[in-house]
Amino acid sequence: VLDGLRELVGAEHVLVDADVRAGYEVDWTGRFRGATPAVVRPASVDEVAAVVAYCRAEGIAVVPQGGNTGLVGGSVPLDGEVVLSLRRLSSIGPVDDLAGQVTMGAGVTLGALQAAVAPGWSAGLDLAARDSATIGGMVATNAGGTSFVRHGGMRARLAGIEAVLGDGSIVRHLGGLAKDNTGYDLAGLLCGSEGTLGVVTAARLQLVVPPRNVVTALCAVDGVEGALRAVRQLRAAVPVDAAELVLDEGLQLVRTHLGLPQPVTAAPAYLVLEWDGAVEALRSVEVLDAVVAEDEGRRQALWRYRDAQTEAVNAVGVPHKFDVTLPPPGLARFVDEVRTLGSGTTIVFGHVADGNLHVNVLGDDDVDDDVLRLVAGYGGSISAEHGIGTAKKRWLHLVRSEAEIAAFRAIKRALDPAGILNPNVLLPPL
Ligand code: FAD
Ligand code: MLT
Ligand code: ZN
């Protein structure tokens with residue numbers, strides 16, 4: 001089998017050495033670990049199609065992998081699958097300045113895309129793992145991030161897709177037409193399918209016009225209610241590009257981890273706010289204290305208190321991570337309640353304007369059921385942006401009906417009849 005794969009992509013792109021494989025066999029958090037006989041690194045859509053067709057014929061399951069920054073264990077070969085790494089599909093086409101669109105390979109990192117389209121355009125997407133997360137992985141997970149409040153997530157940015165389905169066939173629809181009602185929306189379907197329906201090989205994205213005058217402020221607020229009030233007030237005044245919540249425990253964790261100073265008056269909670277407009281807009285917002293970035297260096301320094309939450313949590317231990325959406329009226333009460341669950345330490349932060357909180361529990365491996373049932377009880381979602389992966393599939397029934405899960409299974413059978421694409425994620429076992 002390995003020889004067959006070598007013939008398809010070249011011997012140097014079938015990685016079998018244990019040391020080289022190691023980085024592909026464990027997830028970013030260190031919680032999910034597997035093993036693979038080989039990491040296969042195709043360089044084109046035709047090579048991807050050939051590998052998938054070959055694996056299907058040989059009855060070998062495949063786990064697609066991009067930057068391996070996913071947070072639900074979806075990119076790890078838990079059951080001896082072949083890892084299909086898309087990172088070599090890394091070309092970026094020219095920007096179509098009329099449509100504001102660009103086509104790129106699945107292996108392009110978000111950071112590379114952002115740099116390639118600047119300064120005239122912005123990707124309209126951002127997240128702290130930008131330098132490793134790939135566009136293919138972000139399509140597969142329908143990634144959200146800090147710009148969601150203004151521009152929506154990956155599904156909203158997707159103007160076209162190219163992918164290899166489970167039978168090895170190639171579907172390509174990259175024209176980027178603004179209006180195109182010609183049947184099923186395959187791009188929308190593959191977006192968020194977590195590698196279970198097709199391997200994304202290229203995407204066409206709708207870019208956005210960058211803000212004219214970015215203002216970034218780190219504000220101290222009296223808690224979650226205070227944060228929500230401030231976001232509402234700012235939104236009434238200006239277009240808000242980011243509204244990120246950090247609680248004091250999280251801010252102190254980052255300070256300790258990176259050796260940073262207290263950036264603003266100490267408070268129960270903080271907001272990183274970014275908007276397009278005048279700094280005076282802050283006058284319409286009730287906060288306890290605020291610091292405003294005067295230049296790009298200071299802006300990045302303020303963002304560190306938010307962006308470094310994930311790495312600071314992981315520096316303490318391997319967390320159980322929950323990425324949940326709550327109806328906004330329940331957010332503050334949920335935060336109080338979730339912190340009482342289990343015996344671990346709970347760090348909460350997130351994209352508060354979207355009702356999306358990241359709950360990280362350190363030191364309690366049995367807390368999942370309690371947290372996810374609490375979320376469902378609030379009418380929330382057990383995955384806002386990271387996906388279901390392997391971490392949450394046991395709980396899918398809390399938020400999806402039997403009829404919905406049956407429809408998911410039917411779609412899976414149609415696009416991946418042999419069930420070889422990422423078999424361990426999303427769908428609960430029968
Ligand atoms: P991987 O981790 O390699 O894979 C993720 C899933 O997609 C797996 O199921 C995999 O099988 C599948 N997949 C990967 N590539 C393909 C492909 N080409 N075709 C088909 N399936 C594929 N996520 C957010 O949504 N918002 C955030 O704000 C955010 N912040 C983060 C911050 C940090 C510090 C870290 C470590 C992660 C963060 N994430 C965030 C999670 C992660 O970055 C995203 O889920 C991202 O979309 C994963 O991209 P990736 O290329 O690393 O995918
Ligand atoms: C974030 O918004 O920083 C993330 O989605 C990552 C996390 O949940 O740790
Ligand atoms: Zn997030």
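Order of listing sets the numbers, starting from 1, for every ligand and every atom in it.
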Visitor: Among protein heavy atoms, which lies nearest atom 30 (N) of ligand 1, and at what distance?
Guide: Leu127 CB, 3.7 Å
Visitor: Can you tell me which residue and heavy atom of the protein come closest to atom 45 (O) of ligand 1, and the distance to 0.1 Å?
Guide: Thr141 OG1, 3.5 Å
Visitor: Tell me whether the Zn ion (ligand 3) has His358 as a neighbour, meaning an N, O or S atom of it below 2.8 Å.
Guide: yes
Visitor: Name the option, out of Ser85, Cys191, Ser75, Gly387, that contains the heavy atom nearest to atom 4 (O) of ligand 1.
Guide: Ser75
Visitor: Could you tell me whether the side chain of Cys219 reaches within less than 4.5 Å of the side chain of Leu273, counting heavy atoms only?
Guide: yes
Visitor: Would you tell me which option among Gly198, Ala140, Gly137 has the nearest heavy-atom contact to atom 53 (O) of ligand 1?
Guide: Gly137
Visitor: In terms of side-chain geometry, is the basic nitrogen of Asp17 or Arg21 positioned less than 4.0 Å from the acidic oxygen of its partner?
Guide: no
Visitor: Among all protein heavy atoms, pick out the one at the shortest distance from atom 19 (N) of ligand 1; state its residue, atom name and that distance to 0.1 Å.
Guide: Val200 N, 2.8 Å
Visitor: Compare Glu385, Lys321, Glu244, Gln309 and give the one whose heavy atom is closest to atom 26 (N) of ligand 1.
Guide: Glu385
Visitor: Could you confirm whether Asp323 has any N/O/S atom lying under 2.8 Å from the Zn ion (ligand 3)?
Guide: no
Visitor: Would you mind checking if Glu274 and Arg299 are paired as a salt bridge, meaning a charged N to carboxylate O distance below 4.0 Å?
Guide: yes
Visitor: In terms of ring plane angle, is the pair Tyr378 and Phe334 parallel, tilted or perpendicular, where the classes change at 30° and 60°?
Guide: perpendicular
Visitor: Of all N, O or S atoms in Glu385, which has the smallest distance to the Zn ion (ligand 3)?
Guide: OE2
Visitor: For atom 41 (C) of ligand 1, which protein heavy atom lies nearest, and how many Å away is it?
Guide: Thr69 O, 3.6 Å
